[in-house]
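What follows is a set of notes on a single structure, which appears directly below.
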Amino acid sequence: MTLNHTAQRMRSRLLDPGILYNLGNTLGFVVGLGVALSADVSSDDGATAWDQAVAHIVGSPAATALTAATCVFFWGGMVYTKAWSNGAPPEPKLNRQGDMLSGLGAILLGIGLIMVGDLWLAASAGVLHAAGKFGSALGGTITWRRSRIQTRLPDLCKDLVLVSRAPAVLVGASAFWREVVLLESTPGLLLSLSFMACCLIWAAADWMLLSPEGWIKTAATRLSGRNKLEI
């Protein structure tokens, strides 16, 4: 295998939405667990690192729901990777399976966020995201026939998935800014920064899954063409 072929293969893997999803999943899980261990072990001399890890992962109904969501998201990411094993376009059936798993993960995430009292993120990262993923998985051709713009429902739902990231990014940016300005805690700073980074990584994967006929990519294409003409 030549060096050039290896570089091309590595580049194709980096352009895999499943890899991006699981990169964000891994970053969020590792940072969250690390912060939990550093905070809890230092404040409870009787607790071992293993005890604190178990408590963080399944120590409460909310923690269990969030951990289950992460596991399902990882599973979905691996299915996306398999669907994109030959590059774009992906294998449709496997891609829809990835959508279904991501929708299920979003439901579990929403339940966990409701349990911890974060209704804003539960509505966006949970409800909106699940609706977008399940709608995308339908793969049908439902249209609004009376509309001047013939929009396929799955295309709109793929757009909705990306839109659902916006509130989470804003929440992460707000938390990061608050930590920077108030200097409340280093763990809080790490959590907010990693959360925002995860959301951006996931959004990059969402972008790859957008339909070229969807509103977002259509608008981006038109805007890009307009800017080229202006130059």
Side-chain angles (χ1 to χ4, degrees), residues 17-77 102-130 132-133 160-207:
I19 293 292
L20 289 176
Y21 278 137
N22 281 342
L23 176 62
N25 295 334
T26 301
L27 175 63
F29 180 79
V30 170
V31 172
L33 180 60
V35 168
L37 289 174
S38 64
D40 293 338
V41 171
S42 62
S43 62
D44 188 350
D45 296 333
T48 65
W50 173 256
D51 294 332
Q52 299 305 325
V54 171
H56 175 74
I57 295 171
V58 291
S60 67
T64 302
L66 294 174
T67 299
T70 300
C71 292
V72 175
F73 282 136
F74 267 113
W75 184 10
S102 292
L104 177 59
I107 290 176
L108 293 171
L109 176 63
I111 292 173
L113 290 172
I114 290 173
M115 289 180 180
V116 299
D118 201 333
L119 300 181
W120 175 245
L121 277 182
S124 59
V127 176
L128 283 182
H129 193 82
K133 285 295 186 180
L160 184 61
V161 171
L162 181 58
V163 170
S164 72
R165 301 291 185 190
V169 172
L170 291 176
V171 168
S174 175
F176 178 71
W177 177 253
R178 184 172 61 252
E179 293 291 345
V180 169
V181 172
L182 300 180
L183 298 176
E184 292 181 347
S185 66
T186 300
L189 183 64
L190 289 174
L191 284 174
S192 59
L193 181 60
S194 66
F195 178 71
M196 188 167 54
C198 288
C199 289
L200 293 175
I201 293 172
W202 292 326
D206 295 337
W207 174 266

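Residue indices begin at 1 and follow the sequence shown.
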* Please round to the nearest 0.5 Å and tell me the distance separating atom CG of N25 and atom CG of L20. => 10.5 Å
* **Exercise: identify the closest heavy-atom pair between G103 and A130** => O-CB, 3.7 Å
* Measure across I111 and A65 and return the closest heavy-atom pair with its distance rounded to 0.1 Å. => CG2-CB, 4.4 Å
* **Distance-minimising heavy-atom pair for V161 and G132** => CG2-C, 3.5 Å
* Gap separating the CG atom of L109 from the OG1 atom of T70, nearest 0.5 angstrom -> 7.5 Å
* Nearest 0.5 Å, what's the CG-CZ distance between L190 and F176? -> 10.0 Å
* Please list all pairs passing the side-chain hydrogen bond (donor to acceptor under 3.5 Å, both in side chains) test where one or both residues lie in residues 163-174, with sequence neighbours left out. => H129-S164, R165-D206
* To do: With rounding to the nearest 0.5 Å, note down the distance linking CG in L119 to CG in L113.
  => 9.0 Å
* Asked: How long is the gap from OH on Y21 to OG1 on T26, to the nearest 0.5 Å?
  -> 14.5 Å
* Check whether more than 12 heavy atoms from other residues, nucleotides or ligands sit under 6.0 Å from atom CH2 of W75, and answer yes or no. => no
* Of the non-hydrogen atoms in F73 and N22, which two are nearest, and what is the gap between them? -> O-OD1, 3.7 Å
* Any idea which heavy atoms bring A122 and G110 closest together, and the distance? -> CB-O, 3.8 Å
* Pairs touching residues 102-128 that satisfy side-chain hydrogen bond (donor to acceptor under 3.5 Å, both in side chains), sequence neighbours left out -> none
* Mind checking the CG-CZ spacing from L200 to F195? Nearest 0.5 Å is all I need. => 10.0 Å
* To do: Find out whether F29 and L66 are in side-chain contact, i.e. whether some heavy atom of one side chain is under 4.5 Å from a heavy atom of the other.
  => no
* Structure fact -> Minimal heavy-atom distance between H56 and A36, with the atoms involved, is ND1-CB, 3.4 Å
